[in-house]
Amino acid sequence: MIIRDYESKDFDEISKWCRDEKIHALWCAYKFDYPLNQNNFETMLEKLGEAKVVCLEDGQIVGFFCYDHHEEDQIGMLKFVILSSRHRGMGYGSKMIDAALSYAKEEKLALGVKLNVFDINSTAIGCYTKHGFIKMQETPEAFVFQNEKWGRISMINNNL
């Protein structure tokens, strides 16, 4: 997998991945407008660290994440991790997390990587756990989606 910087031309593909409002909320907790629009998306990206796309060898975009690196403790933060809806359930999410961790370690010299995930996103939690992330903190009912209350789990991988 190849990681490269997000470019405006990537928006059309990424905007197709949140097929409904719940998936959108799971991904970004409404930090981006729903439905996704390019102006709001790119304005927010300017504030979030490095925006990256993950591509297959043929250039097809399969994933997206933001990465923020804290020099003082050499800990990175993965944000807004999402996999193309067409590529879910096929092992690409695992490969994308491997690539993101390699990027953090090799390009940013990170000693660890943190992320947050909602407690109802068991697939993502399983993927992150498989890649060495452990729970640091749980915040119950941190986010409300319609009539549901979701907890937020903060995780870290210190095994880079």
Side-chain angles (χ1 to χ4, degrees), residues 1-7 10 13-14 17-18 22-32 36 41-42 44-143 145 148-160:
M1 298 195 111
I2 300 165
I3 294 177
R4 66 166 173 78
D5 291 338
Y6 167 85
E7 299 172 3
D10 301 325
E13 177 62 27
I14 294 167
W17 296 349
C18 291
K22 188 170 187 174
I23 292 172
H24 179 84
L26 278 170
W27 170 49
C28 71
Y30 292 118
K31 299 292 187 219
F32 306 122
L36 204 59
F41 183 66
E42 291 181 352
M44 291 301 295
L45 289 182
E46 292 173 10
K47 303 172 189 177
L48 296 172
E50 302 173 37
K52 300 291 186 182
V53 293
V54 182
C55 305
L56 299 179
E57 298 296 325
D58 64 5
Q60 182 181 13
I61 301 169
V62 297
F64 173 88
F65 66 89
C66 290
Y67 181 83
D68 191 21
H69 190 77
H70 303 113
E71 292 293 332
E72 60 278 357
D73 61 5
Q74 292 302 97
I75 301 292
M77 181 79 178
L78 286 177
K79 306 175 189 176
F80 306 106
V81 177
I82 190 167
L83 187 67
S84 157
S85 52
R86 292 186 316 275
H87 295 91
R88 293 179 190 150
M90 300 166 39
Y92 289 106
S94 184
K95 291 176 184 175
M96 181 172 75
I97 296 303
D98 278 341
L101 291 173
S102 292
Y103 172 80
K105 180 181 179 180
E106 295 166 15
E107 300 294 324
K108 298 298 182 177
L109 306 177
L111 301 175
V113 175
K114 295 178 182 179
L115 56 77
N116 292 316
V117 61
F118 288 120
D119 61 0
I120 68 160
N121 196 345
S122 58
T123 302
I125 293 167
C127 181
Y128 299 145
T129 301
K130 175 183 169 186
H131 287 87
F133 284 87
I134 58 171
K135 290 180 186 179
M136 293 185 329
Q137 180 181 8
E138 283 191 66
T139 307
E141 300 183 0
F143 183 79
F145 173 76
E148 300 175 16
K149 293 180 181 177
W150 302 343
R152 181 180 56 244
I153 300 172
S154 297
M155 302 180 86
I156 189 165
N157 180 324
N158 281 322
N159 300 316
L160 301 186

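These numbers come from a predicted model, not from an experiment. This chain uses plain numbering: 1 for the first residue, then up along the sequence.
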Item checked: Single hit among K108, K52, K79 for salt bridge (charged side-chain N to carboxylate O under 4.0 Å, His left out) with D68 -> K79
Note to self: Counting C-beta onward and ignoring hydrogens, is there a side-chain heavy-atom pair between I61 and S84 closer than 4.5 Å?
What the structure shows: no
Check: If we ignore angles and hydrogens, is there a donor and acceptor under 3.5 Å between the side chains of E50 and Y103?
Finding: yes
Checklist line | Side chain to side chain, V113 and F133, heavy atoms closer than 4.5 Å | finding: yes
Next item on the list: Decide yes or no for F64 and V54: does some side-chain heavy atom of the first lie under 4.5 Å from some side-chain heavy atom of the second?
Entry: no
Checklist line | Sequence-distant partners of F118, ring pair (Phe, Tyr, Trp, His ring centres under 6.0 Å), two or more places apart | finding: F143, W150
Check: Going through the distances and angles, do S94 and H131 end up as a side chain to side chain contact (heavy atoms under 4.5 Å, CB included)?
Finding: CA-CA 8 Å; S94 184; H131 287 87; 2.8 Å; yes
Check: If you round to the nearest 0.5 Å, how far is CG of N157 from CG of L115?
Finding: 9.0 Å
Next item on the list: Can you measure from CD1 (I153) to CE (M155) and round to the nearest 0.5 angstrom?
Entry: 6.5 Å
Item checked: Worked check of side chain to side chain contact (heavy atoms under 4.5 Å, CB included) between I97 and V81 -> CA-CA 9 Å; I97 296 303; V81 177; 4.1 Å; yes
Next item on the list: Show your working on side chain to side chain contact (heavy atoms under 4.5 Å, CB included) between D98 and K130 and close with a plain yes or no.
Entry: CA-CA 10 Å; D98 278 341; K130 175 183 169 186; over 6 Å; no
Next item on the list: Determine the minimum heavy-atom distance between R4 and C55, stating which atoms define it.
Entry: NE-SG, 3.8 Å
Check: Rounded to the nearest 0.5 Å, how far apart are NE2 of H69 and CG of L109?
Finding: 7.0 Å
Note to self: Do L48 and F32 have side chains that approach each other closer than 4.5 Å (heavy atoms only, starting at C-beta)?
What the structure shows: yes
Item checked: Donor-acceptor pair, side chain of W27 and main chain of F80, under 3.5 angstrom -> yes
Notebook entry, point to check: Any side-chain heavy atom of I120 within less than 4.5 Å of one from F145?
Noted result: no
Note to self: So, using ring pair (Phe, Tyr, Trp, His ring centres under 6.0 Å) as the criterion, who are the partners of Y92 when residues are at least two apart?
What the structure shows: H87
Check: Side chains of Q60 and R86: does their closest heavy-atom pair fall under 4.5 Å?
Finding: yes
